[in-house]
Structures are given as structure tokens and as C-alpha cells.
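I have placed the structure first, in the form of C-alpha cells, so that the comments after it can refer back to it.
Atoms within each ligand, like the ligands themselves, are counted from 1 in listed order. What you see is a predicted model, and the numbers here were worked out from it, not measured in a lab.
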Amino acid sequence: MIMKRKMEDSCKEKCRPQMSEEQEQLIATLIEAHHKTYDSSYSDFGQFRPPVRKDEFDSSDDCSMPEAPTDCSFGSSTPGESSMNSGNLGLLASFENFGQSASNMTSPFSMLPHLSDLVSYSIQKVIGFAKSIPGFRELNTEDQIVLLKSSVIEIIMLRSNESFSSEDNSWVCGSEEFKYSISDVTQAGHNMELLEPLVKFQIGLKKLNLHEAEHVLLMAICIFSPDRPSLLERERVEAIQERLSETLRAYIVCNHPPPSSHLLYPKMVQKLADLRSLNEEHSKQYLEISREAGDPSDLTPLLLEVFGSPLS
Ligand code: YSL
């Protein structure tokens, strides 16, 4: 009897000719929100502090020695910085070198200012996306903040898949200048070994060949994770996530043809699990980088607020 009911249910599921009006509307809303917050032309990237790529075979690598400050501290900095520094070749210079300031080409974190600006910009876009997910604004403010703070790095990793190229394992955002390889990210202080899971994640996600509807639903489902610590109204978050997951399952059944639809939903759920461990790893690395970065202004106030300040 139970068996029979189950079969009837699953048949009803599979044979439902269309998704509900409400589900169609939800997807349309999410896609529109994503288009408004993800600029595929990457035309804003020129406003970030410029990327500084250290030549891997550059002998000026040795400049981490504080006794040779004049050789490298002022080698090549932005115009504003060099004029500000001119004349200070003595004590200040060696202090600056100790601190590995952003003006110093030999800083091990030469990509940090640019990538901080990219992440900071992305955080603002993710906030815009979250705010337009039906139900988000109706949550209490505390829970909105908890959901955003805990998921934002995961959403950035998810959305970045749109620029990720499996051909050369890099994120391609228009010009060569805004093409980010693994080595670029290590030049923001991130450890190569720990970046590998991020790249593996990108490759695996790319392979799923998600439809845009699936991509935006996955991001929305990730934001509405009811198990984030210290949520006040967990059940409300869970109810919204449930509605999103239901919509995703219905979308796959109705619109995603086999064979790529095979086990697609569980594979997407697995991606959410992968993101948790990437998030955890990121927290650890961020803490180290924010402590070791010589110049706190390499980061941005928003970054400090969202990921935490080493001083707080
Ligand atoms: O503080 C953020 C640190 C992460 C790296 C964490 C690695 C920890 C190991 C698990 C940053 C540096 C990563 C980014 C920003 C490096 C450059 C490429 C990329 C990475 C995601 C996290 C994202 C690319 C884009 C470009 C474009 O697709 C966008 C508009 C996206 O928002 C971000």
C-alpha cells in the first residue's frame, strides 16, 4: 500500500508536464537578479587597484632582506606612492620593507590589493543578489547578516565559475590583465596546496554544465543554509531553502535532458558540501594573510567587516 502510494507520487512528479507558475516566477526573479549583479563584460575591473604580478624568476625576489631596502622598496610603485615616498630612503624605508607595504613590488602579497578589491566588489554584488531572493528581506536583520557573512565566500567561489576556464585553470575576466591563474592567487598570500581544492571544485562544477536557472538556484540555496551558526529563525530559513530546492528538483525533471541530468541534484548538493570545507580553509588562510599583510590598507573596510579584522 505504501509502495503503491510512493509509485504514484513519483509518477506524478515525473509526468507533471510543467513546473508551477510560482516556481517559474521564482527562477525568472533569480535570473534577473543575477544579471543585475553579475556583469559578464567585467567592465568595472579597471577601477580596482591594479594587479601586480611578480616575475617568478625575478632576482629581486631576494629583497625580503631588510638590509637592502633602497634596491627594492621604490623599484616600481604607483605614481602617487612614489612621490609620497621620495626622499625617505633611510629609516622609514627599512621599516616599510619590514612591513612589506603595497608600494613594494617585492611584497609576497603583490596581488593582494587587486584581489581584495575584486573580492570586496564581489561581496557587494552578492549582497545585491541575496536581497532580491524572495523571502530574504522578510527575515530579521540579524539573520540576514549571519546568512550573508557565512555564505559570501562560497557564493563568490560559485559565481566565479562563470569566468573560470577549464582549458587553462584560470579565471578569465576579459583582458589578459584580468586573467587570474593559480600563481596570481598565491601572490595574494594563498597557499598553493589549499588552492588546489578550489581549482578542483571549479573544474568539477564546470563539468556539471549547469543551466543558468540551476546556477542561480544553487547560489540561492547556498545562501539559505539553515545550519549556519547562531541563526535566530532557523525554521524560516529552512522553509525558504526547501522551496528553492523543490524548484531546482522540478526544474531538472522538466527541463534538463538526460544523460547530463543523471544524479544532477545530488551532485549539486555535494558541491554545497565541498564549499563548506573551502569556506573553512579560507577562514584560516584569511586570518593568516590579514595578520601577515604588511599594509592593512591592502584589504578593504568591507573585507575586514565581513571576514573579520585581525585586531578585533
Ligand atoms: O579572501 C578571498 C580569498 C580567495 C581565495 C581563497 C582560497 C582559500 C583556499 C580554499 C580569493 C582570492 C579567490 C579568488 C578571488 C581569486 C581570483 C579568482 C576568483 C577567486 C575566488 C576566491 C574569483 C573570480 C571572480 C571573477 C568573476 O567571476 C567575478 C565577478 C567573481 O565574483 C569573482
Side-chain angles (χ1 to χ4, degrees), residues 33-49 51-53 108-130 149-166 168-175 177-206 212 215-216 219 222-223 271 273-293 298-310:
H34 179 59
H35 287 167
K36 283 190 178 147
T37 50
Y38 192 99
D39 168 23
S40 306
S41 76
Y42 307 109
S43 59
D44 296 326
F45 284 35
Q47 292 170 42
F48 306 159
R49 283 169 290 176
V52 176
R53 292 176 173 89
F109 303 127
S110 65
M111 283 297 285
L112 189 54
H114 180 76
L115 290 182
S116 290
D117 286 351
L118 166 59
V119 173
S120 214
Y121 167 87
S122 300
I123 291 172
Q124 296 180 53
K125 300 298 174 185
V126 171
I127 293 170
F129 175 73
K149 270 200 177 187
S150 54
S151 70
V152 77
I153 190 66
E154 298 178 20
I155 305 302
I156 292 173
M157 290 172 178
L158 272 176
R159 80 205 300 270
S160 78
N161 199 243
E162 202 161 323
S163 67
F164 187 80
S165 158
S166 301
D168 50 2
N169 291 347
S170 64
W171 290 264
V172 185
C173 302
S175 63
E177 190 181 19
F178 306 131
K179 179 177 168 203
Y180 312 107
S181 63
I182 303 170
S183 116
D184 291 335
V185 188
T186 64
Q187 290 180 51
H190 288 283
N191 176 312
M192 177 84 84
E193 274 154 75
L194 299 159
L195 271 164
E196 204 194 276
L198 174 59
V199 172
K200 284 241 173 79
F201 172 83
Q202 297 296 337
I203 295 169
L205 184 56
K206 206 84 191 178
E212 188 166 44
H215 180 63
V216 295
M219 291 194 289
C222 178
I223 293 169
K271 291 290 162 233
D274 298 344
L275 282 167
R276 292 305 178 97
S277 75
L278 288 169
N279 189 344
E280 215 163 283
E281 201 43 63
H282 168 255
S283 305
K284 288 185 209 153
Q285 287 199 34
Y286 171 83
L287 208 71
E288 259 178 55
I289 289 166
S290 61
R291 274 199 293 252
E292 286 171 23
D298 280 0
L299 303 172
T300 69
L302 182 59
L303 231 45
L304 293 168
E305 188 184 329
V306 173
F307 298 141
S309 159

Which heavy atom in Tyr180 sits nearest to a heavy atom in Met111, and how many Å separate them? CD2-CE, 4.2 Å
Should Ser163 be counted as touching ligand 1, given the test is an N or O pair under 3.5 Å? yes
What residue and heavy atom of the protein are closest to atom 10 (C) of ligand 1, and at what distance? Leu194 O, 3.5 Å
Should the pair Arg291-Glu288 be classified as a salt bridge under the 4.0 Å nitrogen-to-oxygen rule? no
Of all the atoms in ligand 1, which lie at a distance below 4.0 Å from a heavy atom belonging to Leu278? 10 (C)
Answer yes or no for His190: is there a heavy-atom contact with ligand 1 below 4.0 Å? yes
Could you say whether the N/O atoms of Ser122 and ligand 1 ever approach to under 3.5 Å? yes
Considering heavy atoms of the protein only, find what lies nearest to atom 30 (C) of ligand 1 and give residue, atom and distance to 0.1 Å. Arg159 NH1, 3.6 Å
Any Pro197 heavy atom less than 4.0 Å to ligand 1: no
Tyr38 near ligand 1 by a heavy-atom separation under 4.0 Å: yes
Give me the residue, atom name and distance of the protein heavy atom closest to atom 11 (C) of ligand 1. Val119 CG2, 4.3 Å
Where is the nearest protein heavy atom to atom 23 (C) of ligand 1: which residue, which atom, and how far? Ser160 CB, 3.4 Å
A student checking ligand 1 against Cys173 at a 4.0 Å heavy-atom cut-off should list atoms 26 (C), 27 (C)
Nearest to atom 1 (O) of ligand 1, what protein heavy atom do you find, and at what distance? His282 NE2, 2.7 Å
Atom 18 (C) of ligand 1: nearest protein contact (heavy atom, Å): Trp171 CD2, 3.3 Å
Of all the atoms in ligand 1, which lie at a distance below 4.0 Å from a heavy atom belonging to Ile153? 2 (C)
Return a yes/no value: protein heavy atom under 4.0 Å from atom 25 (C) of ligand 1? yes
Look only at the side chain of Asn279 and the backbone of Glu154, and say whether a donor-acceptor pair between them is shorter than 3.5 Å. no
Distance from atom 13 (C) of ligand 1 to nearest protein heavy atom, with residue and atom: Leu198 CD2, 4.4 Å
Are the aromatic ring centres of His114 and Phe45 under 6.0 angstrom apart? no
What closest approach, in Å, do Gly128 and Thr37 show between heavy atoms, and which atom pair accounts for it? C-CG2, 3.9 Å
Tell me if a side-chain donor or acceptor on Ser116 pairs with a main-chain N or O of Asp298 at a distance below 3.5 Å. yes
Side-chain contact, heavy-atom cut-off 4.5 Å: Leu299 with Tyr286? yes
Can you check whether Phe48 and Tyr121 have ring centres sitting under 6.0 Å from each other? yes
Between Asp184 and ligand 1, which residue portion shows a heavy-atom distance shorter than 4.0 Å: side chain, backbone, both, or neither? neither
Quiz question: by atom type and distance under 3.5 Å, do the side chains of Glu281 and His190 form a donor-acceptor pair? no
Pro113 and Val52, any side-chain heavy atoms less than 4.5 Å apart: no
Distance to 0.1 Å, residue and atom name: give those for the protein heavy atom nearest to atom 16 (C) of ligand 1. Val185 CG2, 3.6 Å
Tested for side chain to side chain contact (heavy atoms under 4.5 Å, CB included) against Phe307, the lone hit among Leu302, Leu287, Val119, Ile289 is Val119
Is the shortest distance from a heavy atom of Leu303 to ligand 1 less than 4.0 Å? no
Closest heavy-atom contact between Gln202 and Trp171? CG-CZ2, 3.7 Å
